[in-house]
Amino acid sequence: MKKVLAALGFLLVSPYLMAGSKVIATGGATTIEGNSGGGIVPWATINGYSSSDEWSVNSFAGRVGVDDFTLDSLGVGASFNNQWELSFARQKFALDTIGGELRQDVLGVKYKVAGELLYTGLPQISIGAQFKKNRDFALPSAVGAGDDSGYEVYVAATKVFFDAIAGRNLLLNATIRSTDAHQTGLLGFGGEGVSRKLMFESSAVLLLNYNLALGTEFKQKPNQLGFADEQHWRDLFAAWFINKNASVVLGYVDLGDIAGLSDQTGFYLSLEGTW
Amino acid sequence: MVKYVLLALSLTLTACQHKPETSLYQRLGGESGVEHIVDGILYGIEHDQSIVHHFADTDIPRFRRLLIEQFCELSGGPCKYSGVSMQESHTGFQITQAHFDALVNHLITAMQQQKVSVEAQNELLAILAPMYKDVVYR
């Protein structure tokens, strides 16, 4: 974390270090799973600022702190041509009250299929896949998960509407994800009677100016593990795109019940560096 | 919780949303405002190695006049754009998305420097953004 902060500090004093051509904020933020999006929902946006024939790389560190749990995510990503996005995130879900931790790796790939976020009537549309692997499986296995790894595929449509509300630009996103994960995979995948489900996720973000945005997200969850209810996730966030090299997202999250512990709400903080 | 915050947010935003009675042209600063914005864009192009080569054979005074005319007409000002269509003027130049993005960045910088309000900036961007399809990869 210290290294990340030092890196961000460095970025703040060296603006526009190798930044790509895309307009600020159009690479989105980075989700807890490492791909470009809001905080919990992947968007059709491609991370970073690489426009056509350009490369960019990014790194992020995020923490979700709710009543009885803490999720830390760290990751790196690379993008090319404003079309391809590769990402890797390492998650550590600390069971603060229960004791112990659940770690998971997430490898993601995203490909822009059609549309341009800012420039076309058609929303930007991307397809993505995530490969997830548990690094701790004793607890997920004990509560009924069948697999310590799984994959998810999603399609996302995202568009910025200029001059939409009070003269501000509005970003709307809808994502459909196919998954058999329990609590995004932190509690494993599949198992007895568990099938692959299609889940809906959405985001609405108001861009107050080029650097500040306020957003809200909804993430539908499947609830297929018998031992405890899993609920839909929601969040509210403020994002500050300091420059093309650094951004900060601060939010309020409502993760519902997790592993029998009810009403898990708290904060979300994410720092991102982009080159 | 989320619902109430959103409701409060939308109420706040609606409250400060009063439809301006002046035209976008006036809010861009009228004749001198549009001229300054266009000059800001030209300055940006001139100092941008990634796109300046597209203007190597361009008659800059004429390009400046046409751009001012176009912004003036599109924003509701008393002008008539006398140039050819966007598609016609960009075909064959192999303009990429990165080139287009670069120009948008110069436009934004120019408007910021002119202290154009966020609302007016977004209104102009809303008018210009759809030109992407007539400009890029023609």
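First the proteins, then the strands, lettered A, B, ... as listed; each starts at 1.
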Determine yes or no for a side-chain-to-main-chain donor-acceptor pair under 3.5 angstrom, with B:N105 supplying the side chain and A:S21 the backbone. yes

One should read off an interatomic distance between A:L207 CG and B:N122 CG, to the nearest 0.5 angstrom, of 8.5 Å

Is it true that, when you exclude A:D263 itself, more than 12 heavy atoms of the residues, nucleotides or ligands shown sit nearer than 6.0 Å to its CG? no

Sorted by number, residues from residues 77-101 of chain B in contact with chain A (heavy atoms, under 4.5 Å): B:T96, B:Q97, B:A98, B:F100, B:D101

Please tell me if the side chains of A:Y119 and B:V104 come closer than 4.5 Å, counting only heavy atoms from C-beta onward. yes

For a quick test of your reading: what N or O donor-acceptor pairs under 3.5 Å do the side chains of residues 154-162 of chain A make, sequence neighbours left out?
from   : atom 1 : to     : atom 2 : distance (Å)
A:T158 : OG1    : A:A44  : N      : 2.9
A:T158 : OG1    : A:N173 : OD1    : 2.7
A:K159 : NZ     : A:T120 : O      : 2.8

Could you tell me whether B:E31 atom CD has more than 12 heavy atoms of other residues or ligands within 6.0 Å of it? no

Should the heavy atoms of other residues, nucleotides or ligands under 6.0 Å from OH of B:Y43 be counted, would the total exceed 12? no

Roughly how far, to the nearest 0.5 Å, is the OH atom of A:Y210 from the CD atom of B:Q121? 3.5 Å

Looking only at non-hydrogen atoms, find the nearest pair between A:D163 and B:E123 and report the distance. OD2-CG, 3.3 Å

